[in-house]
Amino acid sequence: MVGFISGGNAPGLMTALMKEATAKQNLEVSVVKKAQDVQKMQGEAALKLIETAGNVSQPGKIDVYA
């Protein structure tokens, strides 16, 4: 793509394209991290709900004989 540019600022264009690609990757990484945070919060909330609903005698354990 850069090879077809004549008389222009090819290095500057390449730098701009690389910055754009880096910004896109950073955005994708932040979206994945946010999704992981949401999943973690949902998991913790589900465990808390299960513990509360199951009248747990010990934290982290579910009484299946109740």
Side-chain angles (χ1 to χ4, degrees):
M1 179 173 160
V2 175
F4 294 109
I5 299 172
S6 61
N9 187 1
L13 177 61
M14 183 57 98
T15 301
L17 290 172
M18 291 177 69
K19 284 182 181 180
E20 180 183 352
T22 301
K24 184 177 178 182
Q25 287 177 344
N26 289 341
L27 176 64
E28 290 172 355
V29 167
S30 65
V31 168
V32 168
K33 286 182 178 180
K34 191 64 158 174
Q36 289 175 337
D37 290 344
V38 169
Q39 286 179 338
K40 181 180 177 184
M41 289 183 340
Q42 288 175 338
E44 290 171 351
L47 286 174
K48 188 173 182 179
L49 178 64
I50 291 169
E51 288 176 355
T52 302
N55 294 327
V56 179
S57 60
Q58 296 177 1
K61 305 220 184 249
I62 299 173
D63 186 5
V64 293
Y65 299 105

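All residue numbers refer to positions in the sequence shown, counting from 1.
Rounded to the nearest 0.5 angstrom, Thr22 OG1 and Lys19 NZ are separated by 9.5 Å.
Grouped with Val31 in one hydrophobic cluster are Leu27, the linkage being side-chain heavy-atom contacts under 4.5 Å among Ile, Leu, Val, Met, Phe, Trp and Tyr residues.
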Run the side-chain donor-acceptor check on residues 32-48: report pairs under 3.5 Å with partners two or more places apart or on a different chain.
none

